[in-house]
Amino acid sequence: MTTTSIKDLFDHNRLWAEQMERDRPGFFTGLMSQQHPKYMWIGCSDSRVPANQITGLEPGEVFVHRNVANVVVPSDLNCLSTIQYSVDQLKIQDLMVVGHYGCGGVLAALEGLRLGLVDNWTRHVRDVRDKHLDLLQSLPPQHRHDALCELNAIEQVVNVAQTTILQDAWTRGQKVTLHGWCYSLKNGLITDLEMTVPGIGGLAEVHQRAVALVAERKRD
């Protein structure tokens with residue numbers, strides 16, 4: 001169904017709600033009474049990367065925060081507040097930082113493109129680029145964009161792990177595991193970057209191995 005106007009959005013919404021109630025009577029009543037997600041997804045704002053559809057999860061099953069290039073930084077109170085709420089209040093068990101191949105924000109950082117105000121935000125991704133410049137330059141030019149998408153997701157997992165939110169949760173024995181993934185627009189599949197952090201300790205070793213896999217990964 002092609003959307004041509006704002007009015008179409010309301011029409012589509014009404015049709016969707018009616019269809020859901022026909023197919024699953026009481027769906028909305030049940031949704032109102034609960035929000036107990038096991039998962040949090042930190043992803044890119046790109047409209048082609050919807051967390052629920054990609055993972056096959058229902059509304060209410062994944063808590064989502066999205067921004068340009070899936071960045072997590074200590075100065076972003078919006079992101080940190082979302083993480084804090086999901087960990088301390090919702091008691092999520094797994095938090096995934098999910099990049100995606102073909103990310104425009106990552107490409108801008110890789111190539112030093114000027115896009116406007118957002119350049120101040122993608123400065124964080126340029127920091128990732130600069131940190132791993134030797135690795136990126138060792139790869140064929142056509143593979144560097146995908147590699148930086150992976151490296152960016154990996155480094156954002158490190159940033160989440162180092163927040164006081166996760167450090168405090170792990171210290172009190174709460175089970176929360178962090179994951180770094182990258183989604184492909186080409187085939188709809190998620191790549192596990194093997195950046196998995198289950199608690200305090202071992203972060204440096206996990207990070208080192210995940211970065212090494214970026215250099216070793218076979219690419220089309």
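Counting heavy-atom neighbours within 6.0 Å of Q208 CD, excluding the residue itself, gives a total of 12 or less. Counting non-hydrogen atoms of other residues, nucleotides and ligands closer than 6.0 Å to NZ of K38 gives a total of 12 or fewer. More than 12 non-hydrogen atoms from other residues, nucleotides or ligands lie less than 6.0 angstrom from CD of E18.
Here the shortest heavy-atom pairing between H207 and M195 reads CA-SD, 3.7 Å. Heavy-atom minimum distance, L115 versus V118: CB-CG1, 3.5 Å. Residue L178 comes nearest to L166 through the heavy atom pair CD2-CD1, 4.0 Å, listed as atom of the first residue, atom of the second, then distance. Annotation for A153 and G99: closest pair CB-N, 4.0 Å, computed over non-hydrogen atoms. Nearest heavy-atom pair across L213 and L193 is CD1-O, 4.4 Å. Considering all non-hydrogen atoms of both residues, V71 and C79 come closest at O-SG, 4.4 Å.
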Check your understanding: Yes or no on side chain to side chain donor-acceptor pair (under 3.5 Å) for T164 and D168, after CA distance, side-chain angles and deciding distance?
Key -> CA-CA 6 Å; T164 55; D168 290 348; 4.9 Å; no
Review point. R129 and L151: side chain to side chain contact (heavy atoms under 4.5 Å, CB included), yes or no, with the steps?
Key: CA-CA 8 Å; R129 176 202 63 190; L151 291 166; over 6 Å; no
Practice item. Could you walk me through whether I83 and I42 pass the side chain to side chain contact (heavy atoms under 4.5 Å, CB included) test, one step at a time? Key: CA-CA 9 Å; I83 295 172; I42 298 177; 3.8 Å; yes
Check your understanding: Under the side chain to side chain donor-acceptor pair (under 3.5 Å) criterion, do H132 and E155 qualify, and how do the steps go?
Key -> CA-CA 10 Å; H132 297 286; E155 294 298 336; 2.7 Å; yes
Practice item. May I have the step-by-step check of side chain to side chain contact (heavy atoms under 4.5 Å, CB included) for L57 and W41, ending in yes or no? Key: CA-CA 11 Å; L57 295 173; W41 172 291; over 6 Å; no
Check your understanding: Given the rule in the ring pair (Phe, Tyr, Trp, His ring centres under 6.0 Å) test, do F28 and W16 qualify, once you have shown the distances and angles that lead to the verdict?
Key -> CA-CA 12 Å; F28 295 106; W16 171 77; 5.6 Å; yes
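By the 4.5 Å heavy-atom criterion applied to side chains, R144 and L110 are counted as neighbours. Residues L136 and L148 have side chains in contact (heavy-atom distance under 4.5 Å, counting atoms from C-beta outward). Contact annotation: the side chain of L95 never approaches that of Y39 to less than 4.5 Å [non-hydrogen atoms, C-beta and beyond]. The closest side-chain heavy-atom distance from V73 to S75 is below 4.5 Å. Looking at I92 and V87, their side chains come closer than 4.5 Å, going by heavy atoms from C-beta outward. The shortest side-chain heavy-atom distance between V68 and C44 does not fall under the 4.5 Å cut-off. Within the 4.5 Å cutoff, the side chain of H100 has heavy atoms near those of the L185 side chain.
Between the side chains of H179 and D192, no donor-acceptor pair is found at a separation under 3.5 Å. Side-chain contact, D23 with Q19: a donor N or O sits under 3.5 Å from an acceptor N or O. When only modelled atom types and interatomic distance are considered, E61 and H36 share no side-chain donor-acceptor pair under 3.5 Å.
Using a 4.0 Å cut-off between charged nitrogen and carboxylate oxygen, R219 and E150 count as a salt-bridge pair. Using a cutoff of 4.0 Å between basic side-chain nitrogens and carboxylate oxygens, D130 and R123 are scored as salt-bridged. With respect to the salt-bridge test (charged N to carboxylate O, under 4.0 angstrom), the residues R172 and D88 qualify. In summary, E111 and R126 do not engage in a salt bridge, as defined by a charged side-chain N under 4.0 Å from a carboxylate O. Of the charged side-chain nitrogens involved, none lies within less than 4.0 Å of a carboxylate oxygen, so that K131 and D127 do not count as a salt-bridged pair.
Here the side chain of R66 pairs a donor or acceptor atom with the backbone of D46 at under 3.5 angstrom. Using modelled atom types, no side-chain atom of T163 and backbone atom of N159 make a donor-acceptor pair closer than 3.5 Å. Looking only at distances, no side-chain donor or acceptor of Q156 sits under 3.5 Å from a matching main-chain atom of V97. Side-chain N or O atoms of H145 include one that pairs as donor or acceptor with a backbone N or O of C103 at under 3.5 Å. Between the side chain of W170 and the main chain of K175, no donor-acceptor pair closer than 3.5 Å is present. No donor-acceptor pair under 3.5 Å is formed between the side chain of N152 and the backbone N or O of C149. Formation of a donor-acceptor pair under 3.5 Å by the Q174 side chain with backbone atoms of K91 is not found in this model. A donor-acceptor contact shorter than 3.5 Å is absent between the side chain of D76 and the backbone of V72. In this structure a side-chain-to-backbone donor-acceptor pair under 3.5 Å is present from D119 to G116. Between the R14 side chain and the L9 main chain, no donor and acceptor come within less than 3.5 Å of each other.
In this structure, I6 CD1 and D8 CG are separated by 9.0 Å, a value rounded to the nearest 0.5 Å. To the nearest 0.5 angstrom, T55 atom OG1 is 6.5 Å from M96 atom CE. Annotation: the span from R209 atom CZ to E194 atom CD amounts to 6.5 Å, rounded to 0.5 Å. With rounding to the nearest 0.5 angstrom, the CD atom of Q84 is 9.5 Å from the CG atom of L80.
In the hydrophobic clustering of this structure, L107 does not group with V49; members are Ile, Leu, Val, Met, Phe, Trp, Tyr whose side-chain heavy atoms approach within less than 4.5 Å, directly or through other members. V157 and L135 fall within a single hydrophobic cluster, where Ile, Leu, Val, Met, Phe, Trp and Tyr side chains are chained together by heavy-atom contacts under 4.5 Å. Taken together through direct or relayed side-chain contacts under 4.5 Å among Ile, Leu, Val, Met, Phe, Trp and Tyr, V125 and V98 form parts of separate hydrophobic clusters. Connection of I54 to M40 is not established within any shared hydrophobic cluster, with ILVMFWY side chains joined at heavy-atom distances below 4.5 Å, either directly or through further cluster members. Taken together through direct or relayed side-chain contacts under 4.5 Å among Ile, Leu, Val, Met, Phe, Trp and Tyr, I154 and I190 form parts of separate hydrophobic clusters.
Taking the six-membered ring where the residue is Trp, F63 and Y85 present tilted rings, their angle falling between 30° and 60°.
W181 has its ring centre no less than 6.0 Å from the ring centre of Y101.
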